[in-house]
Amino acid sequence: MNHLDELEATSIYILREAFRNLGRLGLLWSIGKDSTVLLWLAKKAFFGHCPFPFIHVDTSYKIPEMIVYRDKVAKELGLELIVHRNEEALAAGMGPQGGRLVCCKALKTDALAEMTHKYGFDGLIVGVRRDEEGSRSKERIFSERNQSDEWDYTNQAPELWGQFKTDFPAGHHIRVHPLLEWNELDIWRYIERENMPIIDLYFSKDGERYRSLGCLPCTRKVRSNASNVSEIVEELSKTNISERAGRAQDQEDAYAMQKLRRDGYM
Amino acid sequence: MNENTRENLKLVVTGHVDHGKSTVIGRLLYDTDALPQGTIDRVREISKETGQPFEFAFLLDAFEEERKQGITLDTTRLQFSTAKRDYLIIDAPGHKEFLKNMISGAADAEAAFLVVDAKSGVEEQTKRHAHMLSLLGIDRVGVLVNKMDLVGYDRAVFFAIQKELTSFLLNLDLVSGPFVPLSALLGENILKPSELMPWYSGPTLIGTLDSLEKITRPQAVRFPIQDVYKFDDRRIIAGRLESGSLKVGDKLLISPGGKKTTIVSFAAWLKKDELTLAHAGQSLGIIVEDEFFNKRGELITAIDGSPKVTDNFKASIFWLGRAPLLKGKKYKLKLATFSSEASIEKIYGLIQSENLAPVAGAAEVSFNEVAEVLIRSKTPLALDLFSEHKVTGRFVLMDGYEVAGGGIVTGITEGAMLLSGFVDGEIRARSEVFEEYVYSLERMLVTKKPGKCFLYHLGDSVPLEGESYNYPDSFDIVVFRDQVAIKIRSGVVSAITRLCDYLYEGFPMVNGRGFALKADSDAKWLELRQALIVPGSLDETELATKYLDFNTYRKISFG
């Protein structure tokens, strides 16, 4: 077993634990590389089946190609797709012009909470990784959220020997993080090895590419000539620019992500 | 070397609060250029913004609370490489309050560093962490004597700590690696030997890291059933092969039930993932020959090298629950994929991390304490000694919604391999008296009908009549293999005694399988007992023919 084999086997184990032990389960699919790897792993874990719905929390500000790609893949793979928006906030004119963190909270955190309770999810599979940013580095694989979707990061449950947190009061839910131990390069090496389809926004056009996908107004491209998966792998093994450097919400203040995630952000 | 075939090692950094664990890791990452650009700048900015001096620990202590209080609250892990291999370095909090977070981080590590502050010396959590490492089965430990700058790089201080810890680690059966004097803050003895400590000729921090050996997995097959899928016309047994290897055609034993079957194929979504041979660590889907009813919690092994089957075992546990562990209270036991209600039958003693001395007579186990206990599971399970198989020899206990403790199996008592039978404290007897015997028309074999395992205690009512048996209201059961006798009076278990204490009272007698014993007087009973006790006086067939009668209370139904 090499490193990628081990990561894959562990993630499949986690997905199967979630499916077995959590009642109503869904997978947050952001169309980006990480949650698309999750989709691929779910297919492997359940032998070609996807026994839970895929959820897209749509801010309406996403890069338009993402929506086109989402609908195409969902149709091809026959996914049960739930698209949810915070319609109330959008109707009231919410957008990044009113402050990035306020916007993220309304269109992502609040929309996610609304969706979680509307469908009564007990478990949400999310593609976050430890190496993305500080508060994620401290996460558990099965991470509890209370009835208000808050993360009590000062008092996390012990997690040992693959015995995950699967007992919790009604109204709480579990965020399941099968990719927690993967890093950005692992993701790209895996995409390369599996010859997996991936949205082409990551590939360089005119000397620029997206390294992390998000909302159009808040996501910057990076300078890059990597125009296919193996060139990205090559580029990332040499760079030391951080992955989320192009994500504006992270830079708002020193503990921006910690605050967003405490309130329920993914 | 190919990036994908490099060796990797998970290493946890432990030790007393404030001895510099996060600083050691921060320094390692900084000196080896393992950090993305901007991380250092961002930490510098945050330090400036919040008016705190720059600390390497901030690279790991991401939470605002951690940086403000200067301590690690929760565990994290970071990747980093040397020329030799890739590492996953796990930072674990050293504060007593956060022992549960330390354990969360350390549980799946393969080796450990124990950091000791040269100036303060060995402290409470130094020993407690070492104790936890031994309970978690992490037996490769390197000791880092940090903050040597605070003691003027004095060799005497270093050797005193080495002397004190060496014997302590030995008592825990921990293989102590080298002791390394260093200053993480000032970068002494990290990548290259320190000129300030010419008296030290051992390896640097990096050298020590690379010298820790990886533990190899055992060879015997252990495949805990995680789930059984029937998404389509295939019936797939899902799980992770924890040790050993499996191939198509292999014969399997499924415990605790004891069923046997054969692997027909491995399921896979993609053609390229189809297997004929599976290795340890792989998440698999197995299709077997017989369509038994298999379920999560059962353990698949090879026919030989089977696990132990029992409903009780001795264990060392560490308790993390807010409420103390109480004898007799109901908990949920989770071992590999098995889970069941369970209780603590005995607390043999508490083990003090300070000196590893056991203290007997405890009625409960409090937060952060370690104890030796006897655990009884409501349903029997397949398990192993932790010393032989880690994955099937360790478990957690849930108290309500809380993961309240963890432990390792240290002993499986004789006579404990009980599926159905009678129990009164230490006295235990296996018995199939109330199980149904059926003749399978298809297989032309008499077998026990698979059913629920049941343990009877004093005062329990027993089912006197079944499909294939009918016993009198009052009778005695003599279980020779366990040397135990049970008295049933008016359908209730009235006595469970050792055979040496048993007195014949003239009631009908059956053996442990429900066959009538041909004894209707004191004299006959003594003769029979003698014949059965003295081995070799008669062979088994002769014995059975002479003293057993199947038809008195039993018949065989078709199944």
Side-chain angles (χ1 to χ4, degrees), chain A residues 1-6 8-13 16-17 19-20 43-49 51 130-131 133-140 144 153-154 156-163 165 167-169 172 180-181 183 185 189 193-194 237 239-243 245 253-255 257-259, chain B residues 3-6 8 33 35-39 45-46 49-50 60 62-65 73-79 86 88 100-101 103-104 107-108 136 226-227 229 231-232 234 236 238 240 267-270 273 279-283 285 296 320 332 334 391 394-396 398 400-403 406:
Chain A
M1 297 258 292
N2 64 35
H3 180 57
L4 287 180
D5 293 332
E6 279 173 23
E8 178 190 67
T10 305
S11 300
I12 288 175
Y13 187 82
R16 289 175 177 168
E17 284 298 283
F19 177 59
R20 168 73 196 209
K43 285 284 220 181
K44 287 203 178 194
F46 306 108
F47 305 99
H49 301 265
R130 277 192 207 284
D131 71 323
E133 52 85 30
S135 73
R136 285 175 180 152
S137 76
K138 299 276 181 176
E139 269 287 5
R140 294 285 191 267
E144 191 173 5
Y153 57 83
T154 61
Q156 298 202 72
E159 187 165 78
L160 60 158
W161 301 329
Q163 299 292 358
K165 173 101 184 160
D167 297 279
F168 50 91
H172 289 213
L180 204 56
E181 312 300 353
N183 67 26
L185 194 51
R189 287 203 174 118
R193 175 181 103 168
E194 296 290 312
S237 14
T239 187
N240 58 359
I241 295 172
S242 89
E243 177 187 8
D253 88 47
Y255 301 104
M257 282 302 276
Q258 176 179 338
K259 288 169 190 160
Chain B
E3 285 298 321
N4 284 335
T5 54
R6 278 170 61 87
N8 55 65
D33 287 327
L35 297 160
Q37 183 197 355
T39 310
E45 256 167 56
I46 290 168
E49 225 174 88
T50 55
L60 295 108
F63 286 140
E64 187 170 7
E65 291 83 345
L73 302 181
D74 214 331
T75 180
T76 186
R77 28 189 77 194
L78 283 139
Q79 290 157 347
D86 297 333
L88 193 67
K100 66 182 177 72
N101 294 344
I103 287 169
S104 292
D108 66 340
L136 295 169
Q226 190 179 8
D227 214 336
Y229 298 137
F231 294 121
D232 41 47
R234 296 171 297 176
I236 301 171
R240 184 168 58 192
W269 169 46
L270 299 172
D273 291 337
H279 298 286
Q282 286 185 301
S283 281
R296 180 180 169 91
L320 307 170
K332 184 157 133 189
K334 290 167 85 174
V391 175
R394 62 194 184 191
F395 58 90
V396 301
M398 307 282 304
Y401 298 128
E402 193 186 20
V403 179

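So that the names make sense, note that chain A is the first sequence line, chain B the second, and so on, each numbered from 1. Because the structure is predicted, anything quoted here is derived from the model rather than measured. Both backbone and side-chain heavy atoms feed into the values below; hydrogens, waters and symmetry mates do not.
Side-chain polar atoms of A:Asp5 and B:Gln282 form no donor-acceptor pair below 3.5 angstrom.
When the candidates B:Met398, B:Glu402, B:Arg394, B:Arg240 are compared by the number of heavy-atom contacts under 4.5 Å with chain A, B:Arg394 comes out ahead. For the set B:Arg296, B:His279, B:Lys334, the entry with the most heavy-atom pairs within less than 4.5 Å of chain A is B:Arg296. Put simply, of B:Leu88, B:Leu320, B:Val391, B:Leu270, the one with the most heavy-atom pairs under 4.5 Å next to chain A is B:Leu270. Most heavy-atom pairs under 4.5 Å with chain B: of the set A:Glu8, A:Glu139, A:Arg140, this distinction falls to A:Arg140. Among A:Ser135, A:Ser237, A:Pro169, the residue with the largest count of heavy-atom pairs under 4.5 Å with chain B is A:Pro169.
For B:Ala268, the part lying under 4.5 angstrom from a heavy atom of chain A is the backbone only. Contacts of B:Ile236 with chain A are made by side-chain atoms alone, with heavy-atom separations under 4.5 Å and no backbone atom involved. Only the side chain of A:Pro51 comes within less than 4.5 Å of a heavy atom of chain B; its backbone N, CA, C and O stay farther away. With a threshold of 4.5 angstrom between heavy atoms, A:Glu17 approaches chain B through its backbone and through its side chain. Contacts between B:Asn8 and chain A at a heavy-atom distance below 4.5 Å involve the side chain alone, from C-beta outward. Both the backbone and the side chain of A:Arg20 have a heavy atom closer than 4.5 Å to some heavy atom of chain B. Heavy-atom distances place both the backbone and the side chain of A:Thr10 under 4.5 Å from chain B. When heavy atoms are compared at a cutoff of 4.5 Å, A:Glu6 approaches chain B solely by way of its side chain, counted from C-beta outward.
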Checklist entry - For A:Glu159 and B:Lys100, what are the C-alpha separation, side-chain angles and deciding distance, and is it a salt bridge (charged side-chain N to carboxylate O under 4.0 Å, His left out)? => result CA-CA 9 Å; A:Glu159 187 165 78; B:Lys100 66 182 177 72; over 6 Å; no
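Residues A:His49 and B:Asp232 are in side-chain contact: their nearest non-hydrogen atoms beyond the backbone lie under 4.5 Å apart. The closest side-chain heavy-atom distance from A:Leu160 to B:Asp108 is not below 4.5 Å. By the 4.5 Å heavy-atom criterion applied to side chains, B:Asn101 and A:Lys138 are not counted as neighbours. Inter-residue side-chain proximity for B:Gln79 and A:Asn183 is flagged as met; some heavy-atom pair is nearer than 4.5 Å.
Not a single ring-ring contact (aromatic ring centres under 6.0 Å, His included) links A:Tyr13 to another residue, sequence neighbours left out. For A:Lys165, the salt bridge (charged side-chain N to carboxylate O under 4.0 Å, His left out) partners two or more places apart in sequence, or in a different chain, are A:Glu144.
Summarising the geometry, atom OH belonging to B:Tyr401 is positioned 9.0 Å from atom CZ belonging to A:Phe168; distances are rounded to the nearest 0.5 Å. With rounding to the nearest 0.5 Å, the separation of OG in B:Ser283 from NZ in A:Lys44 is 11.0 Å. Taking CH2 of A:Trp161 as the start and CD1 of B:Ile103 as the end, the distance is 8.0 Å to the nearest 0.5 Å.
Here B:Asp227 does not pair with A:Arg16 in a salt bridge; the nearest charged N to carboxylate O distance is not below 4.0 Å.
Heavy-atom minimum distance, B:Ser104 versus A:Pro158: OG-CA, 3.0 Å.
Note: A:Phe46 and B:Tyr229 have perpendicular aromatic rings, judged against thresholds of 30 and 60 degrees for the angle between ring planes.
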